[in-house]
Engineer: 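Structure incoming, see below.
Predicted model, so just to flag it, every value in this text is computed and none were measured. Proteins get letters first, then strands, A, B, ... in listed order; numbering begins at 1 in each.
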Number of protein chains: 2
Amino acid sequence: MFRDANLDLAFQALADPSRRAMVDRLVRGPATVSELAKPLAMSLPGVMQHLAVLEASGLVISEKIGRTRTCRIEPKVLTRAEHWIAERRALWERRLDRLGQFLEDTKDED
Amino acid sequence: MFRDANLDLAFQALADPSRRAMVDRLVRGPATVSELAKPLAMSLPGVMQHLAVLEASGLVISEKIGRTRTCRIEPKVLTRAEHWIAERRALWERRLDRLGQFLEDTKDED
DNA sequence: GCAACACTTAAGTCATTACTTAAGTGTTTA
DNA sequence: TAAACACTTAAGTAATGACTTAAGTGTTGC
């Protein structure tokens, strides 16, 4: 449970606005490196490096055909990150409920 | 929509396993700095710096009473991060559905 | 009052990140 | 076949991150 390198890489990847923009583009369908680069005020090697981070995290996979590389989302890691947060929110809400119940139960005890 | 510094900070904060361990502890209820530090093989100033990152991201708030500082989760940012992912997953699933429908519709066209 | 306690600040180190420009490699098109 | 295209590699730089140790501040218990 501790030292989940997958989550490290996933959240790290999502922490950068350029990479989130790339993910945002890719959930709408596959794209080439150039297409991903177009809206980003950045050199192509810069985009490649972001892509490498996204691939290392497992959020994105890509395949080269001829001279163009096509990238697509791989949703498993995205789902895992979402679940990590959802579980913690559930714990937090459960605790709030217990707290509310406790306050309710002890409302007029003194 | 672009340049969402809140999400930058939130995902960045969650990218570190020590900070996730702290969040994990705090969703179960408030804790002092020392309590947060105990399971982390790290000096207290190290923990303080992680706490500063968590507070800067808005994931955690803390209050000092006497000589002890008590930390607690502030769930808004956690929820926002979860929603960012959930929206992208929804977009991705919607696209898969459209694609499936398209394949279904054109199944025996040739 | 003074020692233990619970942080807190400061400062230094080493690694990683987010870029850049320049110079490739292999593929396609005219 | 030569130029344009779509990356790709390499290398350099400035900033940020994740720690550390040492020294400090204010609070509490004896």
Engineer: Between A:R19 and B:T68, which residue's closest nucleotide on DNA chain C lies nearer the 5′ terminus?
Structural biologist: B:T68
Engineer: May I ask you to verify if any side-chain N or O of A:H50 is less than 4.0 angstrom from the OP1 or OP2 atom of C:dC19?
Structural biologist: yes
Engineer: Can you see if the side chain of A:K64 gets near the phosphate of D:dA6 - specifically, an N or O under 4.0 Å from OP1 or OP2?
Structural biologist: no
Engineer: Taking only N and O in the side chain of B:T32, is any of them less than 4.0 Å away from OP1 or OP2 of C:dC7?
Structural biologist: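 Checking C:dC7 against B:T32, a side-chain N or O does come within under 4.0 Å of OP1 or OP2.
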Engineer: What I want to check is whether an N or O donor and acceptor connect the side chain of A:R67 with the base of D:dC5 at under 3.5 Å.
Structural biologist: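 Such a pair is found, so the answer is yes.
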Engineer: Under 3.5 Å, is there any donor-acceptor pair linking the side chain of B:Q49 to the base of C:dT8?
Structural biologist: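 When only heavy-atom distances are counted, B:Q49 does not reach the base of C:dT8 through any donor-acceptor pair under 3.5 Å.
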Engineer: Indicate whether OP1 or OP2 belonging to C:dC5 is found under 4.0 Å from a side-chain N or O atom of B:S34.
Structural biologist: no
Engineer: Indicate whether any N or O donor in one side chain lies under 3.5 Å from an N or O acceptor in the other, for B:E55 and B:S62.
Structural biologist: yes
Engineer: C:dT20 phosphate, OP1 or OP2: any side-chain N/O from A:S43 under 4.0 angstrom?
Structural biologist: yes
Engineer: Any carboxylate oxygen within less than 4.0 angstrom of a Lys/Arg side-chain nitrogen, looking at A:E63 and A:R69?
Structural biologist: no
Engineer: Under a single-linkage definition using a 4.5 Å side-chain heavy-atom cutoff for Ile, Leu, Val, Met, Phe, Trp and Tyr, are B:L9 and A:F11 assigned to the same hydrophobic cluster?
Structural biologist: no
Engineer: Counting heavy atoms from C-beta on, name the nucleotide in D:dC19, C:dT21, C:dA18 closest to the side chain of B:D16.
Structural biologist: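 Nearest listed nucleotide: D:dC19.
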Engineer: If I take atom CG in residue A:L44 and atom P in nucleotide C:dA23, what distance separates them, rounded to the nearest angstrom?
Structural biologist: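 Computing the A:L44:CG to C:dA23:P distance gives 17 Å.
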Engineer: Rounded to the nearest Å, what distance is computed from the CD1 atom of residue B:I65 to the C1' atom of nucleotide C:dA6?
Structural biologist: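 Interatomic distance, CD1 of B:I65 to C1' of C:dA6: 14 Å.
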Engineer: Would the base of C:dT16 count as contacting A:Q12 through its side chain, where contact means a donor and an acceptor less than 3.5 Å apart?
Structural biologist: no
